[in-house]
Amino acid sequence: MAKTQLGARVDEDVAELARKRAADLGLSVGDYLARLVQDDASGLRARAVDAAARFLAEHQAIFDEAEVEDGQRPDSSRGARAA
């Protein structure tokens with residue numbers, strides 16, 4: 001597949017995060033950004049966030065119990081500490 005060069009301006013802290021995360025994954029920054037765009041366009045990221053929200057909703061009582069057992073004061077807003 002032919003590659004096209006893109007240019008973008010981002011804050012230095014964002015650029016450094018991209019470099020570090022790409023290195024962690026063993027990817028070039030370009031390949032890392034391409035993966036992010038493909039995941040976003042395919043809906044993969046949205047599905048992952050939805051799955052995490054469903055998991056927390058289904059298991060919130062377990063997190064609440066663990067906090068009470070650890071001596072944490074239960075929070076009146078469910079999930080505030082687990083999220």
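The chain is numbered in sequence order, starting from 1. Computed over heavy atoms, backbone and side chain alike; hydrogens, waters and symmetry mates excluded.
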Quick one: are Glu67 and Asp64 in side-chain contact, heavy atoms under 4.5 Å?
yes
Determine all donor-acceptor pairs shorter than 3.5 Å in which one atom belongs to a side chain in residues 45-56; sequence neighbours excluded.
from	atom 1	to	atom 2	distance (Å)
Arg47	NH1	Ser42	O	3.0

Nearest heavy-atom contact between Ser28 and Ala22 is O-CB, 3.8 Å
Rounded to the nearest 0.5 Å, the CD atom of Glu16 sits from the CG atom of Asp13 at a distance of 9.5 Å
| task | For the pair Asp40 and Arg35, find out whether any cationic side-chain nitrogen is under 4.0 Å from an anionic carboxylate oxygen. | result | no
Besides Leu33, the hydrophobic cluster formed by Ile, Leu, Val, Met, Phe, Trp and Tyr side chains linked at under 4.5 Å, directly or via other members, contains Leu25, Leu27, Val29, Tyr32, Leu36
